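In what follows, a single structure is set out as structure tokens and then discussed.
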Amino acid sequence: MSEQWIVGINAVSEALKYDARNLAEVLIEQRAKNPRLAEIATAAKAAGVAVRQAAPDALARAAGGARHQGVVAQVAMTRNLGEGDLDELLGRCEKPLLLILDGVQDPHNLGACLRSAEAAGVDAVIVPRDRAVGITPVVRKIASGAADRVPLIRVTNLARTMKTLQEAGVWIVGLAGEAEQSLYQVDLSGPIAIAMGGEGDGLRRLSREHCDYLAKIPMRGQVESLNVSVATGVAVFEALRQRGG
């Protein structure tokens, strides 16, 4: 198992609350005055997680450029998930709700997508191994604990995976601004995978061709498109609404 850092007050607090058994230690900035850091130290000790005072430069190195707010936590990562794990999920999930992210490269966007996915009850998020960001300290910070609670499945060939989903009875709805059909007209109550494109270009051509439907989020204002993480939130919560919320 590899090790990684969770960064920031909210992310570390969530990890201590939901996944303390996988934390190796918590580092807190020396001479920090923020009372929330003292609360984190108390919670860590109560959960049996080691707490260590650290210099600001040590925290900065562990955070990898993310704003650490005086605290980071080392977490033992579980193994990377792949195609075999998706097959297992499809075998045990009667009516899966999946999210496909086709080439999201900004860790802030991936973190926000994971957070919305977890909140809406998405069973797994599927991303390509190439030209897409994976789990990083920034992703963990933005996701506020969701990175440890919703499976992120990285696949070698996204188009092939989409075909596998369809063969398993999962309908794929791709979001595209030029689509004629509104997202709110699509039945999302059954086994569904919602496919979102990456920043800039949206869904790639091959991914579009493997969708059963293309749909758009109707908008009334002058803005032509939404950020991928905002659009993801709209889509997964529409699916949640249709499934009885």
Side-chain angles (χ1 to χ4, degrees), residues 95-128 130-136 138-147 149-155 158-159 161-162 165-166 170-245:
K95 194 172 67 172
L97 173 58
L98 305 171
L99 174 64
I100 298 171
L101 299 177
D102 182 16
V104 171
Q105 299 184 33
D106 185 333
H108 292 85
N109 281 334
L110 178 58
C113 287
L114 288 172
R115 188 169 183 173
S116 292
E118 196 278 338
V122 170
D123 294 295
V125 177
I126 301 168
V127 300
D130 298 327
R131 296 186 297 277
V133 68
I135 299 297
T136 69
V138 174
V139 170
R140 285 186 173 278
K141 183 175 188 296
I142 300 300
S144 295
R149 297 198 293 274
V150 59
L152 182 74
I153 297 176
R154 306 185 73 183
V155 299
L158 187 58
T161 296
M162 293 171 76
L165 290 175
Q166 291 167 322
V170 177
W171 293 83
I172 301 177
V173 180
L175 261 67
E178 72 278 10
E180 296 184 1
Q181 185 173 212
S182 166
L183 174 69
Y184 305 131
Q185 297 172 322
V186 179
D187 183 1
L188 304 175
S189 62
I192 286 290
I194 298 172
M196 309 292 302
E199 301 88 355
D201 297 331
L203 281 172
R204 291 177 291 177
R205 178 189 59 82
L206 197 56
S207 298
R208 287 170 184 252
E209 292 176 357
H210 281 79
C211 291
D212 295 293
Y213 303 104
L214 291 178
K216 65 182 178 181
I217 297 173
M219 294 185 289
R220 298 287 179 87
Q222 299 300 311
V223 175
E224 294 183 357
S225 62
L226 297 174
N227 174 281
V228 60
S229 64
V230 175
T232 293
V234 172
V236 296
F237 276 96
E238 170 60 15
L240 177 63
R241 184 193 69 80
Q242 291 190 23
R243 290 162 175 253

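Each residue takes its place number in the sequence, starting with 1. Every heavy atom of this structure was used, including side-chain atoms; hydrogens, water molecules and symmetry mates were not. Because the structure is predicted, anything quoted here is derived from the model rather than measured.
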Kindly state each residue pair satisfying salt bridge (Lys or Arg N to Asp or Glu O under 4.0 Å) with at least one member in residues 213-223, sequence neighbours excluded.
none
Please report the shortest heavy-atom distance between L99 and A117, naming the atom on each side.
CD2-CB, 4.2 Å
Could you measure the distance from the CG atom of L183 to the OH atom of Y213? Nearest 0.5 Å is fine.
13.0 Å
Heavy-atom closest contact (Q166 atom, C211 atom, distance)
NE2-C, 4.3 Å
Donor-acceptor contacts under 3.5 Å from residues 192-199 side chains, at least two apart:
from: E199; atom 1: OE1; to: Q105; atom 2: N; distance (Å): 3.0
from: E199; atom 1: OE2; to: Q105; atom 2: N; distance (Å): 3.4
from: E199; atom 1: OE2; to: D106; atom 2: N; distance (Å): 3.0
from: E199; atom 1: OE2; to: N109; atom 2: ND2; distance (Å): 2.9

Identify every side-chain donor-acceptor pair in residues 230-245 under 3.5 Å, counting partners at least two apart or on other chains, and give the distances.
from: T232; atom 1: OG1; to: V228; atom 2: O; distance (Å): 2.8
from: E238; atom 1: OE1; to: R241; atom 2: NE; distance (Å): 2.9
from: E238; atom 1: OE2; to: R241; atom 2: NH2; distance (Å): 2.8
from: E238; atom 1: OE2; to: Q242; atom 2: NE2; distance (Å): 2.8
from: Q242; atom 1: OE1; to: L188; atom 2: N; distance (Å): 2.6
from: Q242; atom 1: NE2; to: V186; atom 2: O; distance (Å): 3.0
from: R243; atom 1: NE; to: L188; atom 2: O; distance (Å): 3.1
from: R243; atom 1: NH1; to: K95; atom 2: O; distance (Å): 3.2
from: R243; atom 1: NH2; to: P96; atom 2: O; distance (Å): 3.2
from: R243; atom 1: NH2; to: G190; atom 2: O; distance (Å): 2.3

Could you report the tightest heavy-atom contact between P128 and L158, atom names first, then the distance?
CD-CD2, 4.4 Å
To check you understand the geometry: which heavy-atom pair defines the closest contact between P107 and T136, and what is its length?
CB-OG1, 3.8 Å
Identify the heavy atoms of G103 and A132 that sit nearest to each other, and give their distance.
CA-CB, 4.1 Å
Heavy atoms, side chains only, cut-off 4.5 Å: are V155 and V127 in contact?
no
Could you name each residue pair satisfying salt bridge (Lys or Arg N to Asp or Glu O under 4.0 Å) that touches residues 202-213, not counting sequence neighbours?
D102-R204, E178-R208, R205-E209
Could you walk me through whether I100 and L165 pass the side chain to side chain contact (heavy atoms under 4.5 Å, CB included) test, one step at a time?
CA-CA 11 Å; I100 298 171; L165 290 175; 4.0 Å; yes
Can you pull out every salt bridge (Lys or Arg N to Asp or Glu O under 4.0 Å) where at least one residue sits in residues 114-127? Sequence neighbours excluded, please.
E118-R149
Could you go step by step and tell me if I126 and M162 meet the side chain to side chain contact (heavy atoms under 4.5 Å, CB included) rule?
CA-CA 10 Å; I126 301 168; M162 293 171 76; over 6 Å; no
A159 meets the side chain to side chain contact (heavy atoms under 4.5 Å, CB included) criterion, sequence neighbours left out, with N157, L206, H210
In Å and rounded to the nearest 0.5 Å, what is the CG to CG distance from L152 to L110?
6.0 Å
Determine, stepwise, if the pair L114 / V125 fulfils side chain to side chain contact (heavy atoms under 4.5 Å, CB included).
CA-CA 8 Å; L114 288 172; V125 177; 3.9 Å; yes
G134 versus V139, closest heavy-atom pair with distance
O-CG2, 3.5 Å
